[in-house]
Amino acid sequence: MKIATWNINGVRARIDALVAWLKESNPDIACLQEIKTVDEGFPRAELEALGYHVETHGQKGFNGVAILSRLKPDEIIRGLPGDDEDLQSRFIEGVFSVKGGAIRVCSIYLPNGNPTGTEKYSYKLAWMERLRVHAEARLRLEEPLILAGDYNVIPEPHDCWDVKIWENDALFLPPTRNAFRKLENLGFTDAVRATNDTTPLYTFWDYQAGCWPKNFGIRIDHLMLSAEALDKIVSTSIEKHVRAWEKPSDHVPVIGEFAFEAA
DNA sequence: ATGGTAGACCCTCTA
């Protein structure tokens, strides 16, 4: 079973690329971020025509997340618990029945946090703490749990092309990486690093300043696995070729292949 | 010289 994450930077601008990628890679579950539309504006018919169930948590103009799935979800939770005042659409969670039980998959669009030293950065850190609290509660279910998404976190120096450029950025500052490490310390494993060595791997190349042709990228899109999900991981792939497509997102999909079977 | 691009959308914000 293939479970993927992709920040598509606007689902309506990216529908042709999304359909082409789904046909090519055929993921069983695709977590999307930055759909940048309200639920009613989501191009669901094109995706249902490919055999996907479509669950969205949209927002006008910014943010917004979705889960596409071959299996019909048993349950969907919209919004990250822990702050009723937070109106930004950055989290959706689905439960799916597989042979032997259930798996739980979350599509996460973690706040960027720049500029640092502002309420945007404190919002990022507060959001990461809410994610940690929610993830800790979900771990007690002892299910395969996959937290998939755009974390806006560069975990290690070798996950960016030049650490000097990023060392003071909200994506790399020590409090950001410490909060990410706290999530790992709960018992989550970075699927790409569990299946690859420490060579540089990127999932995002800025549109600006020729970052893509120069391979000036960063790795910020992650599949974080509970122990029960890590037991089932077979391989991962970063779909780098998608960045070279016409009208690309600035992020590429990350796919995990798991030894789950449909119920 | 403080650049450069992209998406959504009311013209400026977010990234």
Side-chain angles (χ1 to χ4, degrees), chain A residues 5-21 30-44 46-47 56-66 79-80 86-91 107-128 131 148-155 159-162 164-173 175-177 179-180 202-222 239-254:
Chain A
T5 182
W6 190 14
N7 179 323
I8 48 170
N9 190 20
V11 69
R12 287 183 292 182
R14 212 72 60 216
I15 186 61
D16 291 347
L18 177 57
V19 167
W21 174 69
C31 297
L32 305 179
Q33 300 88 36
E34 279 205 276
I35 63 174
K36 293 187 173 180
T37 175
V38 292
D39 296 336
E40 302 74 52
F42 195 94
R44 65 168 48 238
E46 290 90 327
L47 306 173
T56 62
H57 183 43
Q59 182 181 334
K60 187 178 179 182
F62 308 109
N63 305 324
V65 287
L80 180 64
D86 183 3
L87 300 177
Q88 298 190 32
S89 296
R90 296 177 172 276
F91 182 92
S107 180
I108 289 169
Y109 180 45
L110 207 144
N112 177 291
N114 283 304
T116 59
T118 69
E119 69 289 342
K120 286 183 187 288
Y121 192 57
S122 51
Y123 173 69
K124 176 179 192 149
L125 294 180
W127 205 96
M128 293 183 84
L131 178 63
D150 175 1
Y151 279 73
N152 273 310
V153 175
I154 299 166
D159 292 315
C160 66
W161 60 275
D162 184 352
K164 283 282 167 215
I165 299 291
W166 292 96
E167 61 186 354
N168 294 315
D169 193 277
L171 279 59
F172 191 75
L173 279 179
T176 302
R177 289 187 292 141
F180 187 78
Y202 307 136
T203 64
F204 168 94
W205 295 260
D206 202 296
Y207 290 121
Q208 303 184 66
C211 284
W212 167 244
K214 290 185 281 197
N215 196 31
F216 288 175
I218 56 178
R219 192 176 72 92
I220 55 175
D221 300 272
H222 309 301
E239 301 282 280
K240 186 173 178 179
H241 66 286
V242 173
R243 187 64 177 75
W245 286 2
E246 201 165 320
K247 238 167 97 69
S249 170
D250 40 5
H251 297 250
V252 298
V254 179

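Applying the side-chain hydrogen bond (donor to acceptor under 3.5 Å, both in side chains) test to A:N114 and every residue at least two apart in sequence or in another chain returns A:N112, A:D169. When the salt bridge (Lys or Arg N to Asp or Glu O under 4.0 Å) test is applied to A:K214, no partner is found at least two apart in sequence or on another chain. Not counting sequence neighbours, A:F172 has no partner by the ring pair (Phe, Tyr, Trp, His ring centres under 6.0 Å) test.
Taking atom P in both B:dT5 and B:dC11, one finds a spacing of 24 Å when rounded to whole Å. Taking the P atom of each, B:dT14 and B:dC9 are spaced 14 Å apart, rounded to whole Å. Between B:dG4 and B:dA15, the two C1' atoms lie 13 Å apart (nearest whole Å).
Base pairing in DNA chain B gives the following stems of 3 or more Watson-Crick or G-U pairs, range against range and under 3.5 Å: B:5-8 with B:12-15.
Residue whose closest nucleotide on DNA chain B sits further toward the 5' end, between A:G10 and A:D150: A:G10. Across the interface with DNA chain B, nearest-nucleotide mapping of A:A13 and A:Q88 shows A:A13 to be the residue nearer the 5′ end.
Minimum interatomic distance between A:Q33 and A:T5 (heavy atoms only, all atoms of both residues): NE2-OG1, 3.0 Å. In terms of heavy-atom proximity, A:K60 sits nearest to A:V38 at N-CG1, 3.7 Å.
Residues from residues 107-122 of chain A with heavy atoms under 4.0 angstrom of DNA chain B, sorted by number: A:Y109, A:N112, A:K120.
Scanning DNA chain B 5' to 3' for nucleotides with an atom closer than 4.0 angstrom to a non-hydrogen atom of chain A gives a first and last hit of B:dG4 to B:dA15.
Relative orientation of the A:H222 and A:F180 rings is tilted, given thresholds of 30° and 60° on the angle between their planes.
Formation of a donor-acceptor pair under 3.5 Å by the A:W6 side chain with backbone atoms of A:H251 is found in this model. Between the side chain of A:R14 and the main chain of A:N9, a donor-acceptor pair closer than 3.5 Å is present. For the pair A:S89 (side chain) and A:N63 (backbone), a donor-acceptor distance under 3.5 Å is absent. A:R219 contributes no side-chain N or O that, together with a main-chain N or O of A:T203, makes up a donor-acceptor pair within less than 3.5 Å. Side-chain N or O atoms of A:R243 include one that pairs as donor or acceptor with a backbone N or O of A:W205 at under 3.5 Å.
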